[in-house]
S.K.: 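Quick one: structure below, then a few questions.
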Amino acid sequence: MINDLEDLDNVKENLDDEAIEKDFTEKTIKIRKKLLRKIWVVFGSSFIIFGSLLFDKYNDFDVVLESSLFRSFLYLTIILSVIALFFSLKNKLKYNESKVYKRYKGFSEALDVLYIIPIFMAVISLSNEFMVSPSFIDGASMEPNYHDGDDILFWHLNTDYEKYDVVILKAPSGDYWIKRVIGLSGDNIILENGIVSVNGIKINQDFLGIEKGSIDESTECRTGDANYCEF
């Protein structure tokens, strides 16, 4: 009789263990919380990325948004996040089912890799908007300091410029130029027969013509008389 009772208790314990193993509620709730955090990170990062398109005057230098590969991964991550969110809402009360847990786990593991992409893109877009942008040199006009094809980074934090600073400006044509400041407000600049002087002091132009003919051998005016202009 005692042995029968012990066997009955063992069977009951085994049944209880199996019931606990088959109830995925705790696991599902935990992984669902992680999944939802990743989804909101994706949505938040995407909001920053697309928001920068509306306000960022440096969009032309946003390398991640210019990349079709990054954009494709971003759209894929957003689509997957939307599907995962709808699945979460649809199966909100089915935490104890094995298939629901496995689906949550699958979404979470996929986003483990993909949700890094919008975070990275958001960081680059914010940096491009407020601090620094990447670009490259196209042309030889700044040789020998900057050569055609050189990669550069330029800051947006400057508010005051000094003489001989290198700046990037947007030309009326829409192109971007990299140039050196030789005159500030109030200075008098004269170009006469290839000689440039600022406030009566001649500027050294020894760099002209030394780069194997890649830049002009003399400086000329682009308006009116090619040999004389004053600013």
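Values in this document were obtained by computation on a predicted structure and should not be read as measured data.
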S.K.: Verify, without hydrogens or angle tests, whether Ser127 (side chain) and Val123 (backbone) share a donor-acceptor contact under 3.5 angstrom.
M.R.: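 Checked: no pair found.
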
S.K.: Using modelled atom types and a 3.5 Å cut-off, is there a donor and acceptor pairing between side-chain atoms of Asn91 and backbone atoms of Ser88?
M.R.: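 A pair under 3.5 Å: no.
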
S.K.: Nearest 0.5 Å, what's the OG-NZ distance between Ser197 and Lys202?
M.R.: 10.0 Å

S.K.: How long is the straight-line distance from CG of Leu35 back to CG of Asp112, given to the nearest 0.5 Å?
M.R.: 9.5 Å

S.K.: Do Ile124 and Phe70 have side-chain heavy atoms sitting under 4.5 Å apart?
M.R.: no

S.K.: Does the side-chain contact (heavy atoms from CB on, under 4.5 Å) test come out yes or no for Leu80 and Phe107, once each step is laid out?
M.R.: CA-CA 8 Å; Leu80 181 63; Phe107 281 129; 3.8 Å; yes

S.K.: Which of parallel (below 30°), tilted (30 to 60°) and perpendicular (above 60°) describes Phe50 and Tyr75?
M.R.: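 Rings of Phe50 and Tyr75: parallel, under 30°.
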
S.K.: Parallel, tilted or perpendicular for Phe87 and Tyr104, by the 30°/60° rule?
M.R.: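 Ring orientation of Phe87 relative to Tyr104: perpendicular.
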
S.K.: Are Leu184 and Ile203 connected into the same hydrophobic cluster when the rule is that any two of I, L, V, M, F, W, Y join if their side-chain heavy atoms are below 4.5 Å apart?
M.R.: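 No; tracing contacts between hydrophobic side chains, which count when under 4.5 Å, never links both residues.
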
S.K.: Have Asn199 and Asn188 got a donor and an acceptor in their side chains that come within less than 3.5 Å?
M.R.: no

S.K.: Should the heavy atoms of other residues, nucleotides or ligands under 6.0 Å from NZ of Lys102 be counted, would the total exceed 12?
M.R.: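 It does not: Lys102 NZ has 12 such atoms or fewer within range.
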
S.K.: Are any side-chain N or O atoms of Lys38 and backbone N or O atoms of Ser108, one a donor and one an acceptor, separated by less than 3.5 Å?
M.R.: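 Judged by distance alone, yes, a pair lies under 3.5 Å.
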
S.K.: Looking at NZ of Lys105 and NZ of Lys27, how far apart are the two atoms once the value is rounded to the nearest 0.5 Å?
M.R.: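 One gets 8.0 Å once the value is rounded to the nearest 0.5 Å.
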
S.K.: Quick one: do Leu153 and Trp155 end up in the same hydrophobic cluster if we chain Ile, Leu, Val, Met, Phe, Trp and Tyr together by side-chain heavy atoms under 4.5 Å apart?
M.R.: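 Looking at the clustering, Trp155 is in the same group as Leu153.
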
S.K.: Has Phe47 got more than 12 heavy atoms of other residues, nucleotides or ligands less than 6.0 Å from its CZ?
M.R.: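 No, the 6.0 Å shell around CZ holds no more than 12 heavy atoms from other groups.
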
S.K.: Among Tyr146, Phe136, Phe61, exactly one meets ring pair (Phe, Tyr, Trp, His ring centres under 6.0 Å) together with Phe154. Which residue is that?
M.R.: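 Answer after filtering Tyr146, Phe136, Phe61: Phe61.
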
S.K.: Decide whether Ile201 and Ile182 are clustered together by the hydrophobic rule: side chain heavy atoms of Ile, Leu, Val, Met, Phe, Trp, Tyr closer than 4.5 Å, transitively.
M.R.: no

S.K.: Would you compute the distance between atom CD1 of Ile137 and atom NE2 of His147 and round it to the nearest 0.5 angstrom?
M.R.: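 NE2 of His147 is found 10.5 Å from CD1 of Ile137.
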
S.K.: Passes side-chain contact (heavy atoms from CB on, under 4.5 Å), Arg32 versus Leu36? Steps please.
M.R.: CA-CA 6 Å; Arg32 180 178 181 270; Leu36 289 177; 3.7 Å; yes

S.K.: Other residues, nucleotides and ligands only: do more than 12 of their heavy atoms fall within 6.0 Å of CD on Glu162?
M.R.: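 Open.
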
S.K.: Look at the side chain of Ser46 and the backbone N and O of Val42, then say whether any donor-acceptor pair between them is shorter than 3.5 Å.
M.R.: yes

S.K.: Do you know which two heavy atoms are closest between Phe120 and Val64, and how far apart they sit?
M.R.: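 Closest heavy-atom pair between Phe120 and Val64: CE2-CG1, 3.9 Å.
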
S.K.: Please answer whether the main-chain N or O of Ile49 pairs with a side-chain N or O of Ser52 as donor and acceptor at a distance below 3.5 Å.
M.R.: yes

S.K.: Taking atom types as modelled, find out whether Asp60 and Tyr176 have a side-chain donor-acceptor pair closer than 3.5 angstrom.
M.R.: yes

S.K.: Out of curiosity, Ser81 OG to Leu111 CG, how far, rounded to the nearest 0.5 Å?
M.R.: 4.5 Å

S.K.: Count the heavy atoms belonging to other residues, nucleotides or ligands that lie under 6.0 Å from NZ of Lys33, then report whether that count exceeds 12.
M.R.: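 Not more than 12 within 6.0 Å, no.
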
S.K.: So if you build clusters from Ile, Leu, Val, Met, Phe, Trp, Tyr with side-chain heavy-atom gaps below 4.5 Å, do Val100 and Phe86 land together?
M.R.: yes

S.K.: First locate atom CG of Asn128, then atom NE2 of His156, and finally report the distance between them rounded to the nearest 0.5 Å.
M.R.: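 With rounding to 0.5 Å, CG (Asn128) is 5.0 Å from NE2 (His156).
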
S.K.: So, do Ile152 and Ile178 sit near enough that their side-chain heavy atoms are less than 4.5 Å apart?
M.R.: yes

S.K.: Side chains of Val198 and Lys163: closer than 4.5 Å at any heavy-atom pair?
M.R.: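 Result yes, sub-4.5 Å side-chain heavy-atom pair found.
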
S.K.: Considering only heavy atoms from C-beta outward, does the side chain of Ile39 approach that of Val82 to under 4.5 Å?
M.R.: no

S.K.: Checking side-chain hydrogen bond (donor to acceptor under 3.5 Å, both in side chains) against Asp62, which of Ser133, Ser67, Ser125 comes through?
M.R.: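 Only one option passes, and that is Ser125.
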
S.K.: Around atom CZ of Phe73, are there more than 12 heavy atoms of other residues, nucleotides or ligands at under 6.0 Å?
M.R.: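 It does not: Phe73 CZ has 12 such atoms or fewer within range.
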
S.K.: I need the minimum non-hydrogen distance between Pro118 and Leu74, along with the two atoms involved.
M.R.: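 Minimum heavy-atom contact is CB-CD1, 3.7 Å.
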
S.K.: So do Glu192 and Asn227 actually touch side chain to side chain, heavy atoms under 4.5 Å?
M.R.: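 Sidechains of Glu192 and Asn227: no contact.
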
S.K.: Would Phe231 end up clustered with Trp177 when hydrophobic side chains under 4.5 Å apart are linked, directly or stepwise?
M.R.: no

S.K.: With a 3.5 Å distance limit and no angle check, can you tell me whether Arg180 reaches the backbone of Tyr164 through a side-chain donor-acceptor pair?
M.R.: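 Such a contact is found between Arg180 side chain and Tyr164 backbone.
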
S.K.: Do Asn96 and Thr25 have side-chain atoms, one donor and one acceptor, less than 3.5 Å apart?
M.R.: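 Distance-only check fails for Asn96 and Thr25.
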
S.K.: Is it true that Lys170 and Asp175 make a salt bridge, defined as a side-chain N closer than 4.0 Å to a carboxylate O?
M.R.: no

